[in-house]
Protein chains: 2
Amino acid sequence: MNQIFKALSHPVRREILSLLRDGPMTSGELLEPFDMKWPSLTGHLNVLKSAGLVHAERYGTIIRYRLNTGAAEDALAAIMALLGSNSKQESKNDN
Amino acid sequence: MNQIFKALSHPVRREILSLLRDGPMTSGELLEPFDMKWPSLTGHLNVLKSAGLVHAERYGTIIRYRLNTGAAEDALAAIMALLGSNSKQESKNDN
DNA sequence: GCTATAATTAGTCATATTCCTAATTAGTGT
DNA sequence: ACACTAATTAGGAATATGACTAATTATAGC
């Protein structure tokens, strides 16, 4: 869970996930919108992969990255737990 | 948003938020469950405060920390946006 | 085997995070 | 003013992060 939030804490990585929302993309395609060199992107992709947020598949010479929504759902659940897990929390008991 | 996810990326800080879910606590009370010195806790509390996840109020010599659910809801919305949120991303009731 | 393309790993450096100890601030009471 | 308690800020060291250049791997085609 730690890794998931850490992965989400960098704007480039959130942008990558946002791009992948519209479908899988190769490393090269993902590189274009960003102003960084390829190894930096690879680093971010590795962080996302370690966190389970993306999944990589090789097709010949290219590698395609796909969003893994399951891990993101875990983060969602964690935040919802912090919020009281429902839309309202009235847990202001005596203290 | 960056700061919120960064704040959530440390287990101690998520635990602090979890503790505050049951009601506001002082810095001293928050210190007890953790195996760290006071300045470290203060550091974590400052990170949470900067992210807007907690709010501090001084009552005499003590300072009471309160969970601010609004910021957490922002993080929730951000993750839901990444997920594509099934069909919509503005609902807080529907789940 | 050689070359070209796609992408990664290795290594380095600057900056950020996270912990600690020591010193300081803020408020209450004498 | 002085002491006591609650909590913070200051400063420093170890580790993690994020960027780069250069070298390497992986695959396809000739």
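In what follows, chains are A, B, ... by sequence order, proteins preceding strands, each numbered from 1.
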Enquirer: Between the protein and nucleotides 1-4 of chain D, list the N/O to N/O atom pairs that are separated by less than 3.5 angstrom.
Expert:
none

Enquirer: For nucleotides 20-22 of chain D, give me every protein contact, N/O to N/O, under 3.5 Å, one pair per line with atom names.
Expert:
| unit_1 | atom_1 | unit_2 | atom_2 | d |
| --- | --- | --- | --- | --- |
| D:dC20 | OP2 | A:K37 | N | 3.0 |
| D:dC20 | OP2 | A:S40 | OG | 2.6 |

Enquirer: Distance from B:I16 atom CD1 to B:Y65 atom OH, nearest 0.5 Å?
Expert: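 Nearest 0.5 Å value for the CD1-OH distance: 9.5 Å.
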
Enquirer: Rounded to 10°, tell me the angle between the two end axes of the helix from C:dG1-D:dC30 to C:dT30-D:dA1, each built from five pairs.
Expert: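 End-to-end axis angle for the helix from C:dG1-D:dC30 to C:dT30-D:dA1: 10°, rounded to 10°.
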
Enquirer: Would you say A:R64's side chain and A:E57's backbone share a donor-acceptor pair under 3.5 angstrom?
Expert: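 Not a single qualifying donor-acceptor pair exists.
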
Enquirer: Could you give the distance from CG (A:L45) to CG (A:L53), rounded to the nearest 0.5 Å?
Expert: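 CG of A:L53 is found 11.5 Å from CG of A:L45.
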
Enquirer: Determine the minimum heavy-atom distance between B:S9 and A:F5, stating which atoms define it.
Expert: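 Answer, listing the atom of B:S9 first, then A:F5: CA-CB, 3.6 Å.
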
Enquirer: Do A:S50 side-chain atoms and A:N46 backbone N/O form a donor-acceptor pair below 3.5 Å?
Expert: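 Yes, because the side chain of A:S50 sits within donor-acceptor range (under 3.5 Å) of the backbone of A:N46.
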
Enquirer: Identify, residue by residue, the members of residues 42-59 of chain B with a heavy atom below 4.0 Å from DNA chain D, and return them in order of residue number, or none.
Expert: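 DNA chain D contact set from residues 42-59 of chain B: B:T42, B:N46.
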
Enquirer: So if I take residues 9-19 of chain A and measure heavy-atom distances to DNA chain D, which residues fall below 4.0 Å?
Expert: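 Of all residues in residues 9-19 of chain A, the ones placing a heavy atom under 4.0 Å from DNA chain D are A:H10, A:R13.
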
Enquirer: Check every strand shown and say whether A:F34 touches a base, only sugar-phosphate, or nothing at a heavy-atom separation below 4.0 Å.
Expert: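 The residue A:F34 makes no contact with any strand.
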
Enquirer: Could you tell me the boundaries of the chain B footprint on DNA chain C, defined by atoms under 4.0 Å from its heavy atoms?
Expert: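 Result: C:dT17 to C:dT28.
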
Enquirer: Say whether B:R13 and B:H44, considering side chains only, have a donor N or O and an acceptor N or O under 3.5 Å apart.
Expert: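 Side-chain D/A pair, B:R13 to B:H44: present.
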
Enquirer: Quick one: does B:E32's side chain have a donor or acceptor within less than 3.5 Å of a partner on B:E29's backbone?
Expert: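 Checked: no pair found.
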
